[in-house]
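Because only heavy atoms are used, hydrogens play no part in the values below, and waters and symmetry mates are left out as well, while side chains stay in.
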Amino acid sequence: MLHTRRDLQLEYLDLYLIHWPASSRSGTYEFLINKEDFLPMDFKFFWEAMQDCQDLGLTKSIGVSNFSYKKLSDIFGFAKIPPAVNQVCLRWAYEQEVCVVVKSFNNGRIKENLEIFNRTLSEEESMMISEIPQAEDVVEKITS
């Protein structure tokens, strides 16, 4: 993270997140990773390091993206600082008629965000995403 902040010439990040809850062998860059290329990921180790980054003021918030209920529950089990966000697919939110507000001053990101209108999710993709519980559901289940 120190290198990223230096390269971007930033004092801190607004949000630092684990983008994908999976790890693969070095040199594996395809999106559909072969089963044999998956490696175990030590979420506790990474989450503790991210909490340290927030404690040191290197980031304002920490979070996750594309995490299942199980993986999110695991993090809630040991986190001193809970994830601020579980970022999910923008297209799915739009298809669920959720008001989506995006903000960017980056022309490339603005164009990417507008691409949600040029594609649709498959029924299977929508079902998988809809099975991810909302934050209040996760907190309620973990604390009860």
Side-chain angles (χ1 to χ4, degrees), residues 1-33 37-122 124-144:
M1 177 197 236
L2 295 173
H3 297 292
T4 301
R5 282 185 31 251
R6 185 188 66 223
D7 292 346
L8 295 172
Q9 299 177 358
L10 297 173
E11 292 180 28
Y12 65 89
L13 299 177
D14 287 324
L15 175 63
Y16 187 41
L17 53 76
I18 300 173
H19 183 260
W20 193 252
S23 183
S24 63
R25 296 188 191 287
S26 180
T28 305
Y29 301 107
E30 297 86 25
F31 175 65
L32 296 175
I33 301 169
D37 289 330
F38 277 102
L39 299 173
M41 188 168 176
D42 186 349
F43 292 110
K44 186 172 188 213
F45 171 81
F46 285 106
W47 194 256
E48 287 174 351
M50 292 174 71
Q51 290 176 136
D52 290 343
C53 289
Q54 186 170 347
D55 288 342
L56 293 168
L58 303 175
T59 184
K60 287 187 175 184
S61 300
I62 53 177
V64 296
S65 182
N66 304 303
F67 270 51
S68 67
Y69 172 77
K70 169 73 172 97
K71 286 186 171 74
L72 200 53
S73 295
D74 291 347
I75 287 181
F76 274 107
F78 54 75
K80 293 178 184 149
I81 303 171
V85 65
N86 183 13
Q87 179 180 322
V88 294
C89 176
L90 183 62
R91 177 66 203 189
W92 177 82
Y94 173 73
E95 287 183 12
Q96 301 304 307
E97 297 181 358
V98 172
C99 179
V100 178
V101 178
V102 295
K103 176 188 160 202
S104 182
F105 296 104
N106 178 301
N107 287 334
R109 286 254 162 64
I110 293 168
K111 287 177 184 175
E112 287 174 4
N113 289 337
L114 291 173
E115 285 299 312
I116 68 166
F117 301 111
N118 295 330
R119 70 176 297 262
T120 58
L121 296 174
S122 69
E124 181 183 1
E125 290 170 321
S126 290
M127 185 189 296
M128 288 173 58
I129 294 170
S130 68
E131 290 174 357
I132 299 170
Q134 299 299 309
E136 59 267 9
D137 295 341
V138 173
V139 172
E140 183 179 313
K141 286 181 182 179
I142 291 170
T143 57
S144 56

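Heavy atoms of other residues, nucleotides or ligands lying less than 6.0 angstrom from CZ of F78 number more than 12. Under a cut-off of 6.0 angstrom, the local environment of CZ in F45 is sparse, with at most 12 non-hydrogen atoms contributed by other residues, nucleotides or ligands. For E115, the CD atom is densely surrounded, since the number of other residues' heavy atoms within 6.0 Å is greater than 12.
Among all heavy-atom pairs drawn from R5 and E11, the shortest one is NE-O, 2.8 Å. Between Y12 and G57, the shortest heavy-atom contact is CB-O, 3.5 Å. Here the closest heavy-atom approach between residue I18 and residue M50 is recorded as CG1-SD, 3.4 Å.
Expressed to the nearest 0.5 Å, how far NZ of K60 lies from CG of L13 amounts to 11.0 Å. We find the CD1-NZ distance between I75 and K70 to be 11.0 Å, quoted to the nearest 0.5 Å. For the atom pair T59 OG1 and Q54 CD, the distance stands at 6.5 Å (nearest 0.5 Å). In this structure, CZ on F67 lies 9.5 Å from CG on D74, to the nearest 0.5 angstrom.
The side-chain heavy atoms of P83 and L72, taken from C-beta on, include a pair separated by under 4.5 Å. Between K71 and V64, every side-chain heavy-atom pair lies at or beyond the 4.5 Å cut-off. Here the side chains of L58 and D52 are not in contact, with every heavy-atom distance at 4.5 Å or above. Using a 4.5 Å heavy-atom cutoff, the side chains of T4 and Y16 are not in contact.
Counting only distance, with no hydrogens or angles, the side chain of S65 and the backbone of Q87 share a donor-acceptor pair below 3.5 Å. Looking only at distances, a side-chain donor or acceptor of W47 sits under 3.5 Å from a matching main-chain atom of I81.
A salt bridge links E48 with K44: the closest approach of a Lys/Arg side-chain nitrogen to an acidic carboxylate oxygen falls below 4.0 angstrom.
Checked against side chain to side chain donor-acceptor pair (under 3.5 Å), D7 has no partners two or more places apart in sequence or in another chain.
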